[in-house]
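Working notes for the structure below.
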Amino acid sequence: MTNADRNTTAAPLDRSDNRLRDDQSFAGALRAFLDRVRSGDLGMLPVAVGLVVISLVFTALNPVFLAPNNLVNLLFDCATVGVISLGIVCVLMLGEIDLSVGSMSGLASAIVGVLWVNSGVPIVLAIFIALGAGALVGVVYAFLFTRLGMPSFVATLSGLLALLGMQLYLLGSTGSINLPYQSELVRFGQILIMPDWLTYALAVVPGVALVLGGLSTNRQRIAEGLSPIAVRLVVTKAVILTAALVFAGWYLNLGRGLPWMFALFVVLAVVLNYGLTRTKWGRSMFAVGGNREAARRAGINVKRIYLSAFVLCSTLAAAGGILAASRLASSSQQAGTGDVNLNAIAAAVIGGTSLFGGRGSAWSAVLGIIVIQAISNGLTLLNLSSSLRYMITGAVLAIAVIVDSLARRSRVSHGRG
Amino acid sequence: MPHTNPASAEPILRLREISKSFGAVSALTEIELDVYAGEVVALVGDNGAGKSTLVNILAGVHQPTTGTIEYLGQQVTLASPSAALGMGIATVFQDLALCENLDVVANLFLGHELSAWRLDEVKMEVRAWALLSELAARIPSVRLPIASLSGGQRQTVAIARSLLLDPKIIMLDEPTAALGVAQTAEVLNLIERVRDRGLGVIVISHNMDEVRAVADRIVVLRLGRNNGVFTADTSHEDLVAAITGAAENSVTRRQKSRAERDGQERPHDQR
Ligand SMILES: Nc1ncnc2c1ncn2[C@@H]1O[C@H](COP(=O)(O)OP(=O)(O)OP(=O)(O)O)[C@@H](O)[C@H]1O
Ligand SMILES: [Mg+2]
């Protein structure tokens, strides 16, 4: 080996190629970030920009928009469709789609209403049966897709109609079942709020976890002879994150406070995020979405991955439907119809999960649904009819998909997969 | 050659009358192939001769239409790539089969990640560097997505991946097609090293010098059929004749006309 090869003999394993730019400093990190954005790896950027623009516009039009209690309501609304959107992230990750999540959520709310209110089945059991129905529908989709080769688009489109039919059949002639107002389920969907101190305590957790995780990774990396990660960057990130969360908690506490239902949604997102980024299952999801045949040749059980995604998606859709029923205190024929489907899909795409598979994150559902609900909430405050709301939401989805395809084209030409 | 004498041992892999047809095309017809431990078998043949098809069958990607495969003395069916990998048959595919959206470490460990429920990224990264340096890889960072690597770098990643699981047989489908001089030499060294460790190696290449430098036996396929087994000291002309199916072929014609153009005597007078 010549000197040029080994001019940095003492450098850690992963820093020995001198073509690699050092992105460990603040300036370096910023440069790396700009590079990523320029090459089409937009991540959460569009959603962040979108949120700022939306807040400015709607606050200018009606100052009530930013009132703490309006935001609390917004978070209540986010949780229902947001949970559905988490499932959509899973199927989009594989480059597939589930168009029946709206109907599935409606069916789940009908199941809970009929079993619990009409037949007197214990509420917990009714909820489990509804979730089980969701899982079963996912199994059917996976079977149609992996065994019979039916495109998920078609399978779930027919599912959309079939599930809606089942929902109407279950609800029968009455068409709607009111859930008791005093029940825990309805209170959970309408009034249960976290105590202030707990909100603040939880606001600190992500930052602390980030720093502790970073330090432990660092210790392990140094022990193994790899270059340390930039602790300063991690700490900065954690400080900014904690400040933002504490501020958000404080602001919500000026009103009613943080809804438990939204907390449940965030917990589900955290779990899904861990699954996608830190487990073998998540790795396989990305691999199958990126290159199905390569994943198969690497020994991954591709059919099982598809099964897991479809089952998760339908089950989460059922969960979202139950949350929606508790939010509205009713199971009705309208539940899950209208824009539920599109909002759930739009949220995931707006948040940065690609329609083309192999790229996405659980957080995209959280941020995306906040954007969607903010638009919907703002338009409602302006007393605009739902016809206009639909048109605007449709346009937002179109813009999100355009951004996604343009970014993908740019990524391909910049070698970022 | 430091390997065990094939004649004295059972082959670890024995293919009998393997045929494979894709619809009307019979890609392979009654192929016979033995691979012994500690031996490098080169598989040569023209484009479309069926080399990759044979490798894909052994990798569990395709199922043979007829024929039997014996592995370690047992008749086996390689129903899926994971079955083949599980038995210790590792493959570097001609199209590499990498996931472009994942980084180098993720691709190396794909399907075999360390600690499934809490991925050990640090251990995987260290192991990745160790594997890659064994191949004299020139990869700036193992955290780059495959999409941003050069063709040769990708090939190195694919080769490194095949070593990960301590296989008994390694199949390399044109492993050096995109490699630089140093990397090709490292791959040839590597082939000899794993051979000396007692592994069976099947290597496909169109480069006859390379084949003769590294192979213990050279198996020629022609139009999906066996067309002879040769040793490393077989002359270039005989190999080319077996591959193209005629003593008088485009390669010899080209050499002939070139020799005449240069006004020199033809090096070999053939028949
Ligand atoms: N998946 C497939 N479907 C249909 N036909 C195929 C398929 N794979 C290979 N074939 C056919 O089988 C024959 C052998 O192909 P194969 O890829 O094995 O050739 P090869 O020897 O690897 O050639 P090369 O040197 O170009 O890589 C070709 O005629 C090809 O058209
Ligand atoms: Mg080939």
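Reminder, nothing fancy here: chain letters follow the sequence lines and each chain counts from 1.
B:E39 places no side-chain N or O within 3.5 Å of a backbone atom of B:L199 that could act as its donor or acceptor partner. Remark: side-chain polar atoms of A:R221 are paired, donor with acceptor, to backbone N or O of A:S227 under 3.5 angstrom. Side chain of B:S205 to main chain of B:N207: a donor-acceptor pair is present (N/O by atom type, distance under 3.5 Å, no hydrogens or angles). In this structure, the side chain of A:N291 engages the main chain of B:L98 through a donor-acceptor pair within 3.5 Å.
Heavy atoms closer than 4.5 Å to chain A are found in both the backbone and the side chain of B:A106. Both the backbone and the side chain of B:V61 have a heavy atom closer than 4.5 Å to some heavy atom of chain A. Residue B:R143 does not touch chain A at all, counting heavy-atom pairs closer than 4.5 Å. When heavy atoms are compared at a cutoff of 4.5 Å, B:N107 does not approach chain A at all. Using a 4.5 Å cut-off between heavy atoms, A:E224 contacts chain B through both its backbone and its side chain. Using a 4.5 Å cut-off between heavy atoms, B:F93 touches chain A through its side chain atoms alone.
The candidate with the highest count of non-hydrogen atom pairs below 4.5 Å against chain A, out of B:A130, B:P81, B:S82, is B:P81. Ranking A:L226, A:T277, A:N301, A:I300 against chain B, the residue ahead of the rest is A:L226, based on heavy-atom pairs under 4.5 Å. Here A:A298 is the residue among A:G289, A:A298, A:G290 with the most heavy-atom pairs under 4.5 Å with chain B. Ranked by non-hydrogen atom pairs under 4.5 Å with chain B, the options A:R296, A:E293, A:R297 are led by A:R297. Ranked by non-hydrogen atom pairs under 4.5 Å with chain A, the options B:G60, B:A116, B:A83, B:S80 are led by B:A116.
Residues meeting the side-chain contact (heavy atoms from CB on, under 4.5 Å) test with B:S21, sequence neighbours left out: B:S26, B:T65.
One distance of note links OG1 of B:T176 with CD of B:E174; it measures 8.0 Å at 0.5 Å rounding.
Using modelled atom types, one finds no donor on one side chain facing an acceptor on the other under 3.5 Å when comparing B:T156 with B:Q183.
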- Output, in order, the C-alpha distance, side-chain angles, deciding distance and verdict of side chain to side chain donor-acceptor pair (under 3.5 Å) for B:S52 and B:D173. CA-CA 7 Å; B:S52 298; B:D173 196 347; 2.7 Å; yes

